[in-house]
A.B. asks: 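Dropping the structure in here first, questions after.
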2 protein chains.
Amino acid sequence: MKIDPDSTVDLSAQIAGAIRDAIISGSLIVDERLPSEAELAEQFDVSRPTVREALKRLAAQSLIRTQRGATGGAFVNRLSFEAAQPQQITTSTLLLSMNAVSFETACEARYALERACAPLSAARRTPDHLATMRAEIHRQAQPGLTDEAFCASDVAFHRALVDGAGNPVLSYQLAGAVEAMQPLMNMITFTARDRARIIALHEGIADAIEAQDGGATATALTALEQETQTLAQSVFAARAARR
Amino acid sequence: MKIDPDSTVDLSAQIAGAIRDAIISGSLIVDERLPSEAELAEQFDVSRPTVREALKRLAAQSLIRTQRGATGGAFVNRLSFEAAQPQQITTSTLLLSMNAVSFETACEARYALERACAPLSAARRTPDHLATMRAEIHRQAQPGLTDEAFCASDVAFHRALVDGAGNPVLSYQLAGAVEAMQPLMNMITFTARDRARIIALHEGIADAIEAQDGGATATALTALEQETQTLAQSVFAARAARR
DNA sequence: CGATTTTCATATGTCTTACATTTAATGTTT
DNA sequence: AAACATTAAATGTAAGACATATGAAAATCG
């Protein structure tokens, strides 16, 4: 491993990159222990704080974990879908909020991706997925539900739909698209009539999934997207008119 | 901001989390300068190396950038789609390689997502997107092309297709799914006949995109998925039989 | 002899101090 | 007024020390 002390980037960034490359290329395998911080410092010819900064960078990406104590050290992490999802959600959320992505664009992307899951989910969903969807619909119909709780239940409903496809790659990718919409949805106040319409559409989706009809599921999702878009449009228009 | 010194997690992780929360919640806005490392150390009542480890964690996620010199410091980054994509690709690639995701599952997810882009891309693609697709097809037909170069061109072709949808959120999400497949594709040796079939399917996709026919694009994508799946299956079967 | 306790070595976590380097603003000189 | 030198503030890096967690070996006791 070679480090260029005259590079324009930090030593810790270079070291992190070298170790990251070793993990990606397979030179370092899952659960393998890295040399101790002192050994790494000697190998790269830097001080221990610099090595530690590099390791923290990798830890922030869940590429390694550290253990204290006698047999401790830094170990290559098995990057799990569960561990990667929160990261993915945080990044997606920030991307939307920092780049002035319109509600329309985000909504379009989300429903396009969800429709991609529709035929697979219709074919493979378990009774468990269906039960979750029904339960969330029931929750959404409860009176006195706050807008935040309504949106959270909406997210849970859609995630059950996506998970029904039984494809962890899809579930991972969709988690970002679905969850990142929540802050945008939370900007909307849902009237009782709005909620009733959305719940009816959710029931249509659940029915199509229960009937294992992928085409009908996609159609129902398109209807829900349409409803969401027009609802958002009217809310934003009213808000703009008030000023 | 409060830090619990008796927590089970590192001080630097807690500090990074506190700053991250401030960015997500909007308390810290884009391009705002954080306090200097010395000031942060005093605020959180920790030493400067600990603060630095926290900042490196955030830098690894592209949440902040640092500048040296008199007016330097740590600044909140505008998280751009361009900056987030490499991260997304790295994570997706590692997820596939570390979790024994089958070629079949990854391929299914990728083409399902791509089909989601088909109608949008057919409707909105610019001449530029179409030209890129045609150029990549031409490159793929060149004799003497290595398998790696063929796969790289394949990725470029599909990314042009996805970008044609004109939705940055979709392009971002799809980048991970498409690029992460490349290492898996590179495990396949393409015969001349295989390449010819794939190129023909690519031409069918490009034709459908040119005709702005979303349905035909989706159908052509399904055909390509089928071809890819059977090809991979035969390659892996032959490899298993050799042992 | 076996089980328990103690000791110990090793590793990460944290603090302190110091110095190097970069960079912009300020001051000085010609 | 322009060019140059100085300075101050910030990050980058190094070195050493101590605290703490933890597993393993050694010592002790029943």
Side-chain angles (χ1 to χ4, degrees), chain A residues 1-20 22-23 28 31-77, chain B residues 1-20 22-23 28 31-77:
Chain A
M1 314 207 201
K2 29 200 151 162
I3 294 301
D4 174 17
D6 299 334
S7 168
T8 56
V9 299
D10 300 2
L11 290 177
S12 68
Q14 290 181 62
I15 294 169
I19 298 175
R20 182 167 27 241
I23 294 174
L28 291 170
D31 289 337
E32 185 171 340
R33 183 182 174 281
L34 299 181
S36 72
E37 294 175 353
E39 288 170 324
L40 285 172
E42 196 180 4
Q43 282 182 29
F44 288 112
D45 196 29
V46 298
S47 67
R48 192 157 85 93
T50 301
V51 167
R52 283 181 61 79
E53 287 176 9
L55 294 179
K56 295 312 172 195
R57 295 180 115 108
L58 298 173
Q61 300 177 301
S62 305
L63 293 182
I64 62 168
R65 63 182 182 276
T66 55
Q67 275 181 352
R68 298 180 64 171
T71 60
F75 298 84
V76 178
N77 244 341
Chain B
M1 313 206 203
K2 33 205 145 156
I3 294 302
D4 174 16
D6 298 336
S7 169
T8 57
V9 298
D10 300 2
L11 290 177
S12 67
Q14 289 181 62
I15 294 169
I19 298 175
R20 178 166 33 238
I23 294 174
L28 291 171
D31 290 336
E32 184 172 341
R33 184 182 173 280
L34 299 181
S36 72
E37 294 176 353
E39 287 169 323
L40 286 172
E42 196 179 6
Q43 281 183 29
F44 288 113
D45 196 29
V46 298
S47 67
R48 193 157 83 93
T50 301
V51 167
R52 284 182 59 80
E53 287 176 9
L55 294 179
K56 295 311 173 193
R57 296 179 114 109
L58 299 172
Q61 299 177 301
S62 304
L63 293 182
I64 62 168
R65 63 181 182 277
T66 55
Q67 276 181 354
R68 299 181 64 171
T71 60
F75 298 83
V76 178
N77 244 340

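Heavy-atom basis, side chains included; hydrogens, waters and symmetry copies ignored. Chain A is the first sequence line, chain B the second, and so forth, proteins listed ahead of strands; every chain is numbered from 1.
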A.B. asks: I need the residues from residues 61-69 of chain A with at least one non-hydrogen atom less than 4.0 Å from DNA chain D; give them sorted by number, or say none.
C.D. replies: A/Arg68, A/Gly69
A.B. asks: About how many Å separate NZ of A/Lys56 and CD of B/Glu53, when rounded to the nearest 0.5 Å?
C.D. replies: 5.0 Å
A.B. asks: Among all residues two or more places apart in sequence or in another chain, which pass the side chain to side chain contact (heavy atoms under 4.5 Å, CB included) test with B/Ser62?
C.D. replies: B/Leu79
A.B. asks: Would you give the length of the straight line joining atom OG1 of A/Thr66 to atom CG of A/Leu55, rounded to the nearest 0.5 angstrom?
C.D. replies: 8.0 Å
A.B. asks: Going 5' to 3' along DNA chain C, between which two nucleotides do contacts with chain B fall, using a heavy-atom cut-off of 4.0 Å?
C.D. replies: C/dG13 to C/dA24
A.B. asks: List in chain and number order the residues that pass side chain to side chain contact (heavy atoms under 4.5 Å, CB included) with A/Ala13, two or more places apart in sequence or in another chain; answer none if no residue qualifies.
C.D. replies: A/Asp10, A/Arg57
A.B. asks: Under the salt bridge (charged side-chain N to carboxylate O under 4.0 Å, His left out) definition, can you give me all pairs with a residue in residues 40-50 of chain B, not counting sequence neighbours?
C.D. replies: B/Glu37-B/Arg48
A.B. asks: To the nearest 0.5 angstrom, please state how far the CZ atom of A/Arg52 sits from the CG atom of A/Leu40.
C.D. replies: 12.0 Å
A.B. asks: With sequence neighbours left out, write down each residue that passes side chain to side chain donor-acceptor pair (under 3.5 Å) with B/Ser36, or none if nothing qualifies.
C.D. replies: B/Glu39
A.B. asks: Using every non-hydrogen atom in the two residues, find where B/Ala54 and B/Ser12 come nearest and quote the distance to one decimal.
C.D. replies: CB-O, 3.3 Å
A.B. asks: Can you tell me how far CD1 of A/Ile64 sits from CD1 of A/Ile23, rounded to the nearest 0.5 angstrom?
C.D. replies: 7.0 Å
A.B. asks: Return the residues of residues 48-55 of chain B meeting this criterion: a heavy atom under 4.0 Å from some atom of DNA chain D. Order them by number, or give none.
C.D. replies: B/Arg48, B/Arg52
A.B. asks: Tell me every residue that passes salt bridge (Lys or Arg N to Asp or Glu O under 4.0 Å) with A/Arg65, counting only those two or more places apart in sequence or in another chain.
C.D. replies: A/Asp31
A.B. asks: Does anyone know the first and last nucleotide of DNA chain D in reach of chain A, 5' to 3', at under 4.0 angstrom to a heavy atom?
C.D. replies: D/dG12 to D/dG23
A.B. asks: Please list, chain by chain and in numerical order, all residues satisfying side chain to side chain donor-acceptor pair (under 3.5 Å) with A/Gln67, sequence neighbours excluded.
C.D. replies: none
A.B. asks: Taking only residues two or more places apart in sequence or in another chain, which ones pass side chain to side chain donor-acceptor pair (under 3.5 Å) with B/Thr71?
C.D. replies: none
